[in-house]
Structures are given as C-alpha cells and as structure tokens.
Amino acid sequence: MTSIVVLGSTNMDLVAFVDRAPARGETVTGREFRTIPGGKGANQAVAAARAGADVSMIGAVGTDEFGARLHAALESAGVDTDLLRAAEGPSGTAHIVVDDEGGNAIVVVPGANGTVTSLDHGDEALIATSDALLLQLELPLSAVIEGAVTARRLGVRTVLTPAPARQLPPELLAATDLLVPNEHEAAALTGLADPRAAATALLAHVPEVVITLGAAGSLYAARDREPFTVPAPHVRAVDTTAAGDTFVGALAVALGEGLPAREAMAWASTAAALSVQREGASSSMPYRSEIDAAHDSFTGREVDTV
Ligand code: ADP
C-alpha cells in the first residue's frame, strides 16, 4: 500500500451562510452556521486515505474542544495521528462567510498550526518510511522547508501545494519534486496568467508541475517532455470546496502506486469530479471504490496535447 505523510494544517472551519456579506461596521443576520473540520493539510490527508493510501499526519491541534474534534475527524478517516501534536491553546480556525452568490471571505487564525515551526522527535523516521510527503503553506515556512529538505535527503517524493499563494523561498523550491498550484497560484507565483507559460517558468525551479484548471482539468509539465492537459469529467458541480486537496491526495496515491503522470492525473480528476458533486470539504471526498467505479466510465476519453 502506498504510504503517505502529510505535514500540514488542521483548522476548524466556522462557516456562516448569509444572503449578502456584511460591509465594514455592518451586522447582517445569517441563515445557517456550521463547524466543519478542515485545513489544507488535514483535507489532503483524508483525501489520500480515502483514495486508498496508508496516511500519517504531522501537525498540531489545540487543547480546546475543536482540537479534540479535529483529531477525531482524522482518526475516523483512518489517518494515523500518532505524531499529531497537541499544542497548549486554541486550534487553527478558518472564519468563513459564504454569500448567496457562492462568493466567500475567509479569515484564517493559525492557532496551534503556528506552533509547528520545525520537525519533532519521530517525524524524520516516519517520513523515511513513506513514498511521498505532501506539503502546503498553512504551517510556518520553517517547518515546511525542513520537511521538504528532509524528505529530499531521504529520497522521498515531495509534493507541494503552494497555497495560500505566496512567494516561495529558493530552498523550498529546490527540495520540491512536484509542484501542484491551481491556475491562480501559478499566476501569483510567476506573474504569468497563461497556465502553459506559468508551467514553463516554474520548470526553472522544480522538475515537475501539475497546474489544476478547475472544470478545464489539469496541465502537466516536466523538463524532459512535452506538456499535456488531462480534461476533467463533465459533471454538475454543487460545491468545489477542497477540490484541489482531493485532487492532490488522489494524485499522490496514484503516483505512489506507479501510475504514469497522465493516468494518475486522470484518476485524480475522477476523484475531484466526484467531490465537487457533493457538498462539504473532507465529507465530500470519495472512497477508492467510488473512484475506481466512476473512473471506468470516464476512461477512453480523448486527451488533448497542448
Ligand atoms: P482549487 O480547488 O485548489 O481551487 P481547482 O479549482 O483547479 O483547484 O480544482 C482542482 C481539480 O478539481 C481540477 O483540476 C479538476 O480536476 C477538479 N474540478 C474542479 N472543479 C471542477 C468542476 N466544476 N468539474 C469537474 N472537475 C472539477
């Protein structure tokens, strides 16, 4: 079984649904409130576990009641939490206002995530036994860099989702095997709006890039071969929250099982397409049996070469 370690964030998403978001100084009455376990790290961990990998999570939850729920959510998804730390104080939270047009405004308070500034006892040994280390940018950069550099030294594939978008330090890029931005992050990183141009620019820093393009699918680029796109299945999307995390989790599993990039991306696209047809973040992520069953009906599609 593919073994994956995620070094990343856990957040409790505090979501208020409103007709119209409040302006500064204004109070509006919301329709509904939900607390949903999330965080990009935890979401990728759940996605990879459901897609069929053996997954361990390195990160931190707080000692508040959210921490207990975040921990339990990972456990119930089958994610190993032995090295998930409990940091004195509040858990990470994401305060999200979703308006009627599907737009949202988000404040993330790192909480316990902010205490993960470096690897801890046991982390390196765990990374050493894995096929891939998944990283995002919701932990302090010092830990992300140390994780990537450590995995690189151990010969473990590093997969970096550069979100939330920010400039990346050269030592992080130098330790990244596969960079998976969405098209907005790719544009923010390179200043190039065209995904193909952005991918080419990113190849100066990392050997392989997959840019996700929403309903348009995903674009692959590597130094030694022609770029190509893999289309996304046509589906009716009801909630695209965490589509990217579902894609990355499934992609890492497929690559870990030895699938070539094109096939791995197609399988990950099937997983993400299933998730966007359901509401929620981790709750919408498909299980391996569902991905395999749906994938059979999507295979045989034409694949564009760009
Ligand atoms: P993010 O969620 O990070 O913003 P994207 O919007 O690019 O990333 O979505 C990630 C992946 O999810 C896409 O590459 C695609 O495979 C899938 N996806 C997203 N939106 C849709 C959609 N409307 N229909 C089908 N697949 C989708």
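Numbering of ligands and ligand atoms starts at 1, following listing order. Only this structure's heavy atoms are used, side chains among them; waters, hydrogens and symmetry mates stay out.
Arg225 and Glu208 are not joined by a salt bridge, as no carboxylate oxygen comes within less than 4.0 angstrom of a charged side-chain nitrogen. Comment: Asp131 does not engage Arg157 in a salt bridge, judged by the lack of any side-chain N to carboxylate O separation of less than 4.0 angstrom. A salt bridge does not link Arg278 with Asp239: none of the charged nitrogens is closer than 4.0 Å to a carboxylate oxygen. Salt bridge status for Glu290 with Arg288: absent, with no side-chain N to carboxylate O gap under 4.0 Å.
Nearest non-hydrogen protein atom to atom 27 (C) of ligand 1 is Gly214 O, 3.9 Å. Shortest contact from atom 4 (O) of ligand 1 to any protein heavy atom: Asn182 ND2, 3.1 Å. The protein heavy-atom contact nearest to atom 2 (O) of ligand 1 is Gly244 N, 2.9 Å.
Of all atoms in ligand 1, listed by their number and element, those nearer than 4.0 Å to a heavy atom of Ala237 are 23 (N). Less than 4.0 angstrom separates some heavy atom of Pro233 from each of these atoms of ligand 1: 25 (C). Within ligand 1, counting atoms from 1 as listed, the ones closer than 4.0 Å to a heavy atom of Val235 are 24 (N), 25 (C). Close approach to Leu213 involves these atoms of ligand 1, each under 4.0 Å from a residue heavy atom: 7 (O), 14 (O). For ligand 1, the atoms sitting less than 4.0 Å from at least one non-hydrogen atom of Ala232 are 25 (C), 26 (N), numbered in the order shown with element in parentheses. Counting the atoms of ligand 1 from 1 in the order shown, those under 4.0 Å from a heavy atom of Gly217 are 13 (C), 14 (O). Each of the atoms 5 (P), 7 (O), 8 (O), 10 (C), 14 (O) of ligand 1 lies under 4.0 Å from some heavy atom of Thr212. Those atoms of ligand 1 that come under 4.0 Å of a heavy atom in Ala272, given as number and element, are 12 (O), 16 (O), 17 (C).
Legend: residues meeting side-chain contact (heavy atoms from CB on, under 4.5 Å) with Thr190, ordered by chain and number and at least two apart, are Leu192, Ala198, Ala201, Leu202. In this structure, the side-chain contact (heavy atoms from CB on, under 4.5 Å) partners of Pro164, at least two apart in sequence or on a different chain, are Leu137, Glu138.
Considering all non-hydrogen atoms of both residues, Met265 and Val230 come closest at CE-CG2, 3.8 Å.
Under 3.5 Å, the side chains of Asp64 and Ser91 contain a donor-acceptor pair of N or O atoms.
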